[in-house]
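First comes the structure, then the notes that go with it.
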2 protein chains.
Amino acid sequence: MKLSTKGRYGLRALIDLAQYSTEAPVSITSISARQDLSERYLEQLMSMMKKAGLVKSVRGAGGGYVLAKDMAEISVGDVLRALEGSLEPVECAGLEPDGGCKAADYCVTKYVWQRINDSISQTVDEIRLDQLVEESRRKQCAGMDRTACKN
Amino acid sequence: MKLSTKGRYGLRALIDLAQYSTEAPVSITSISARQDLSERYLEQLMSMMKKAGLVKSVRGAGGGYVLAKDMAEISVGDVLRALEGSLEPVECAGLEPDGGCKAADYCVTKYVWQRINDSISQTVDEIRLDQLVEESRRKQCAGMDRTACKN
DNA sequence: AGTAAATCCTAGTAAATTACTAGGAGATAA
DNA sequence: TTATCTCCTAGTAATTTACTAGGATTTACT
């Protein structure tokens, strides 16, 4: 039940992007320098977030990434699902109307997986990027030594 | 953010055990037959749950496993933590008073991981084995074809 | 026109983890 | 004494993770 580096790094990167892209697009190079992440790897994460419609890219010199929508419109759930895939603790935990497991009616554990799924979904969907950015400003995270912590 | 087969199989096995161990201990052979699980693998899961104090074993012929405490005293959280290890979505998500990450005061994402951790913990800790057993009886899960579903 | 700074896209790959299997020792009831 | 159990340690194939590598393409600037 661990998040991978994709989700962890990606959320950090997006918070960074949200803070620094108010005027011009922000390059992968600058994000990875501030956040101490591999440029090549971050590239892939940004690509995933782009496909998910969270960021837009500007190609060529002076280019980079910008948020595709308002910070308040992006939830942690959007970010993590873009990077981790479904957050369901097991494959069948979702609420598919019909496509789900045939055995669902007789499945006790499905109730458990669904409860876990619901609680995760609810919390990640209610935390939005603007809150995190504000929190980051308040804590003056810019001065934080990123090599100390990989989360 | 997926549970492994340990957690999935193990919870199923323990529900099965709770239902069938009212009189005599239940053997791994019988659980694995009913639940369509590998005996050897289940053996390991039972051993983990024993170490965690959830079940007791009776060795020798006619032996097997019994719950170590009342069904109502065992939560899904107890079971999953015994089998999966910590349920924290990232290493630092817990509430360690001091042993935690040095950067915590400056770490925005830690807030996120902790919120997720808290919501998972709360839901798994409030679901107890007796509820699941009752639900299983109500649904007549005994007739379920276990080969159809691995969760 | 040329160059530097960017994103974009696909593959490859070492390390770690998962999900088992295998073998055999020891305990106990019949 | 034998069949049925738990117990314990190792091994291992398959999968996933976390990257790295190479190069094509786009664009601003001089």
Side-chain angles (χ1 to χ4, degrees), chain A residues 1-13 17 20-21 23-33 35-52 54-68 80 83-86 89-91 150-151, chain B residues 1-13 17 20-21 23-33 35-52 54-68 80 83-86 89-91 150-151:
Chain A
M1 283 285 280
K2 291 277 178 286
L3 285 167
S4 70
T5 54
K6 284 179 190 157
R8 301 196 324 259
Y9 295 178
L11 180 59
R12 258 171 60 196
L17 175 65
Y20 288 92
S21 68
E23 284 154 30
V26 175
S27 71
I28 281 173
T29 310
S30 71
I31 297 176
S32 63
Q35 298 295 327
D36 190 41
L37 300 170
S38 146
E39 291 188 38
R40 291 304 206 155
Y41 195 42
L42 182 54
E43 204 176 291
Q44 292 174 8
L45 306 186
M46 294 307 293
S47 160
M48 296 174 86
M49 293 198 273
K50 190 189 173 185
K51 269 178 202 142
L54 302 176
V55 298
K56 278 186 294 193
S57 66
V58 181
R59 299 187 70 169
Y65 290 89
V66 192
L67 291 183
L80 294 183
L83 295 161
E84 301 274 338
S86 163
V90 308
E91 294 299 340
K150 282 289 164 195
N151 298 315
Chain B
M1 283 288 278
K2 291 277 177 287
L3 285 167
S4 70
T5 54
K6 285 179 192 158
R8 301 197 322 259
Y9 296 177
L11 181 58
R12 257 171 62 196
L17 175 66
Y20 288 92
S21 69
E23 284 154 31
V26 175
S27 71
I28 281 175
T29 310
S30 71
I31 297 176
S32 63
Q35 299 294 327
D36 190 42
L37 300 170
S38 146
E39 291 188 37
R40 291 304 206 153
Y41 195 43
L42 182 54
E43 204 177 292
Q44 290 174 13
L45 307 186
M46 294 308 294
S47 160
M48 296 175 86
M49 292 198 273
K50 190 189 173 185
K51 268 177 202 143
L54 303 177
V55 298
K56 277 186 295 193
S57 65
V58 181
R59 300 185 69 168
Y65 290 90
V66 192
L67 292 183
L80 295 183
L83 295 160
E84 301 273 337
S86 163
V90 309
E91 293 299 340
K150 283 290 163 195
N151 297 315

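All chains are named by letter (A, B, ...) in the order of the sequence lines, taking the proteins before the strands, and each is independently numbered beginning at 1.
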Do [X] and [Y] have side chains that approach each other closer than 4.5 Å (heavy atoms only, starting at C-beta)?
X       : Y       : answer
B:Tyr41 : B:Thr5  : yes
B:Tyr9  : B:Leu42 : no
B:Glu43 : B:Ser47 : no

Using whole Å, what does the distance between atom [atom2] of nucleotide [N] and atom [atom1] of [X] come to?
X       : N      : atom1 : atom2 : value
A:Leu3  : D:dT16 : CG    : C1'   : 15 Å
A:Leu83 : D:dT17 : CG    : C1'   : 14 Å
B:Met49 : D:dC7  : CE    : P     : 12 Å
A:Lys2  : D:dT16 : NZ    : P     : 19 Å
B:Leu42 : D:dT6  : CG    : C1'   : 12 Å
A:Ile28 : C:dT7  : CD1   : P     : 4 Å
B:Arg12 : C:dA19 : CZ    : P     : 13 Å
B:Leu37 : C:dC20 : CG    : P     : 9 Å

Quick one: does [X] reach the base of [N] with a side-chain donor-acceptor pair under 3.5 Å?
X       : N      : answer
B:Glu43 : D:dC8  : yes
A:Arg59 : D:dT26 : no
B:Arg40 : D:dG11 : no
A:Gln44 : D:dT20 : yes

May I ask you to evaluate whether A:Ser4 reaches the phosphate of D:dT17, defined as a side-chain N or O under 4.0 Å from OP1 or OP2?
no
Any side-chain N or O of B:Tyr9 less than 4.0 Å from the OP1 or OP2 oxygen of C:dA19?
no
So, taking the atom named CE in B:Met49 and the one named CG in B:Leu17, what distance separates them when rounded to the nearest 0.5 Å?
7.5 Å
Side chain of A:Glu84, backbone of A:Ser4: donor and acceptor closer than 3.5 Å?
yes
Using the closest heavy atom to pick a nucleotide of DNA chain C for each, name whichever of B:Ser38 or A:Lys50 lands nearer the 5' end.
A:Lys50
Any strand, both distances under 3.5 Å, Watson-Crick or G-U wobble: D:dT9 pairs with C:dA22
Please compare B:Ser57 and A:Gly62 by the position of their nearest nucleotide in DNA chain D and report the one closer to 5'.
B:Ser57
Closest-nucleotide mapping onto DNA chain D: is A:Tyr41 or A:Ala61 further toward the 5' terminus? I mean the 5' end.
A:Tyr41
